[in-house]
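By convention in this document, chain letters (A, B, ...) are assigned in the order of the sequence lines, proteins followed by strands, and residues within each chain are numbered from 1.
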There are 2 protein chains.
Amino acid sequence: MAQETAPAGPESGASEPDPEPHPSGSRLAGLSDARLMLDRTSTVSRLADVLRAQIIEGALLPGTQLAEHAVADAIGVSRNTLREAFRLLAHERLVVHEPHRGVFVRTLDADDVRDIYATRRLVECAAVRVEGAPPEAVAEIRAAVDTAEVGVSEKRWNDVGTADLRFHSAIVALAGSRRLNDMMRRILAELRLVFHMMADPHRFHEPYVHRNAAIATLIEEGRTAEAVQALIVYLDDAEAQLLGGIAERSRLGR
Amino acid sequence: MAQETAPAGPESGASEPDPEPHPSGSRLAGLSDARLMLDRTSTVSRLADVLRAQIIEGALLPGTQLAEHAVADAIGVSRNTLREAFRLLAHERLVVHEPHRGVFVRTLDADDVRDIYATRRLVECAAVRVEGAPPEAVAEIRAAVDTAEVGVSEKRWNDVGTADLRFHSAIVALAGSRRLNDMMRRILAELRLVFHMMADPHRFHEPYVHRNAAIATLIEEGRTAEAVQALIVYLDDAEAQLLGGIAERSRLGR
DNA sequence: CTTGCCGGATTGCTCAACAATACGTACCGT
DNA sequence: ACGGTACGTATTGTTGAGCAATCCGGCAAG
C-alpha cells in the first residue's frame with residue numbers, strides 16, 4: 001500500500017548545506033551548485049532518503065523496530081553505513097534510538113501533537129504576517145490547493161495529505177527563510193507519523209481542503225489578518241481532531 | 001582563550017530525543033529521564049558533545065578541517081564512531097561535510113546571517129506575543145540578564161556572550177514548545193560560529209546588555225507590544241553589525 | 001600559462017570480530 | 001502461585017583493518 005505515490009520530497013540532502021559560491025567576480029554564475037548535482041552520490045544520503053520515504057509513506061509504521069543486521073542485509077549496505085543513516089533520521093525525530101535496544105520508527109503521543117501544533121501556530125501565523133513575501137511562494141500555495149482539489153475529486157487521499165502538507169510548507173516559505181523551511185519540513189514529516197497511527201487517515205485531510213482554498217485566497221488578496229484568523233481556527237480544529245484520534249486509539253487496544 | 005568558560009550547554013543529547021515518558025498514570029514524575037542519566041554513555045553522544053563544545057567555544061575555528069584519522073587518533077576513538085558523530089554535527093550545521101574532501105567547521109556568509117536573523121525576528125517576536133507564558137521562562141530571562149551584567153562588570157566577555165544567547169533562548173522558551181527551543185538552540189549555536197569569525201567578538205555583545213535588561217522589564221510588566229518593538233530594533237542592529245563585520249572581514253584578506 | 005598525468009593522501013564503504021547489554025526462559029525457594 | 005535468580009541467546013556498541021574511489025599537489029609537456 002501507499003507504494004504508488006511519489007516519494008513526496010526526499011530532496012533534502014541534509015548534509016551538504018552550502019555550495020559555498022566562489023567569490024570569483026567572473027561571469028560564471030549558475031554553476032555554483034553544479035558540484036552538488038554531480039556527486040549526488042553518498043550511500044548514506046541515499047540510504048537515509050530511502051528510509052525516510054518508507055517511513056513517511058507509511059510502509060514502516062510507528063513502533064516498528066529496525067534491526068540493524070536485518071535492514072542492512074535487506075538493503076544491501078554495511079551495518080556501519082546504516083548506523084550513520086540512522087543518526088540522521090534520529091536527529092530528524094523520525095526514529096528513536098534507544099541505547100542497546102535498537103532504533104524504532106517514532107511513536108508520537110498527545111504531548112508531541114500539542115507541541116507540534118504550538119510550533120505550527122506560532123510559525124505559520126507569523127509567516128503569513130511577514131511583509132514582502134516572495135510571489136513564487138504565494139503561487140506555490142495556490143498550486144498546492146489545486147493539487148489537493150484534484151486529489152479529492154479523484155479520491156486519492158494519500159495525495160490529498162501530501163498536498164495539504166505542501167500547502168503549509170508554502171505558507172512557511174512566505175517568511176523566505178531557509179532554516180525555517182527546513183524546520184517546518186521536518187515537523188510536517190513528524191506529523192505524517194501521527195497520521196499513520198490513525199485509522200482512516202484521509203478523514204483528517206479531506207475536510208480541510210476547502211479551508212485551505214479560502215486561506216489561499218485571503219493571502220493572495222493581502223487580507224493577512226483574516227488569513228491568520230482562519231489559520232488559527234484551522235490549526236485548532238486539526239489539533240483537536242488528532243488528539244481525539246490519539247485518545248481513541250489509546251482507549252481501545254493501545 | 002575561552003578555555004576558562006564553562007562548556008555553555010552541551011546538555012543536548014541530540015540523538016536520544018525522547019525519554020518517551022511512560023503512559024503510566026502513576027505519580028512518578030521526574031523520573032522519566034532518569035534512564036538517560038544512567039546510561040549517559042554512548043561514545044558517539046559524548047564525542048559529539050566534546051566536538052560541539054570545542055566548536056562553540058572557539059577552540060576549533062570556522063574553516064578548520066577535521067581530518068578523520070587525525071581526530072580519531074587524537075581523541076582515541078574509532079574512525080567509524082567519529083563519522084557517526086560527524087553526521088550529527090553536520091545535521092546541526094556546525095560542520096559541513098564535503099564529499100570526498102572531508103568535514104570542516106562551518107563558515108557562515110552574509111546570507112546565512114540574514115537567514116538566521118530573519119528566523120530570529122519571526123520566532124522571538126512571536127514567542128514574546130504568546131499568551132500564558134510559563135513564569136519560569138520569565139524568571140530565566142531575568143536570570144540571564146543578571147548573569148550578563150555580572151559578566152560585564154567583571155569583563156568576562158565570553159560569559160557575556162553566553163548569557164546573551166541564554167537570554168534569547170529564554171525568550172523563545174516563552175512559547176513553551178520543545179521543538180521551538182531545540183531549533184533556536186541550534187540556530188544560536190550557529191551564531192556563535194559567526195562571532196568566532198570576527199575580531200573583537202565581545203563588542204558584539206557588550207552594547208546590548210542594557211537593552212536586554214530593558215526588554216526583560218517590558219516582558220515582566222506585560223507590555224508585550226513595546227517588548228516586541230524593542231526586540232526588533234535590537235535584532236536589526238545586531239544583524240547590521242554582524243553583516244558589517246563580515247563585509248569588513250571579506251574586504252581585507254578574507 | 002595552460003593542459004595532462006601521476007603519486008600520495010584522504011575519504012567512502014565494507015567486513016569481521018569482540019565486549020557490553022537487554023531480553024526470554026527455565027529454575028528455585030517460599 | 002509468586003517473586004527472584006541465573007543463564008543462554010540475540011542485538012547493539014565499538015573497534016580495527018582493508019580496499020576502491022576520489023581529491024590534491026606537483027611535475028612535465030605543449
With A/Gln54, which residues qualify under side-chain contact (heavy atoms from CB on, under 4.5 Å), at least two apart?
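Only A/Val50, A/Ala59, A/Leu60 meet the side-chain contact (heavy atoms from CB on, under 4.5 Å) criterion with A/Gln54.
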
With A/Thr119, which residues qualify under side-chain contact (heavy atoms from CB on, under 4.5 Å), at least two apart?
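Per chain and number, A/Thr119 pairs via side-chain contact (heavy atoms from CB on, under 4.5 Å) with A/Asp115, A/Val123, A/Met183, A/Ile187, B/Ser177, B/Arg179, B/Leu180.
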
Lys/Arg N to Asp/Glu carboxylate O, B/Arg186 vs B/Glu92, below 4.0 Å:
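No, this pair does not count.
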
Starting at the 5' end of nucleotides 8-18 of chain D, put B wherever the base has a protein heavy atom under 4.0 Å, S where only the sugar-phosphate does, and a dash everywhere else.
----SBBBB-B

State whether a side-chain donor-acceptor pair under 3.5 Å links A/Arg120 with A/His168.
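Side chains of A/Arg120 and A/His168: pair found under 3.5 Å.
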
Matching residue for B/His205 among B/Phe167, B/Phe195, B/Trp157 - test: ring pair (Phe, Tyr, Trp, His ring centres under 6.0 Å)
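Running ring pair (Phe, Tyr, Trp, His ring centres under 6.0 Å) over B/Phe167, B/Phe195, B/Trp157 with B/His205 returns exactly one hit, B/Phe195.
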
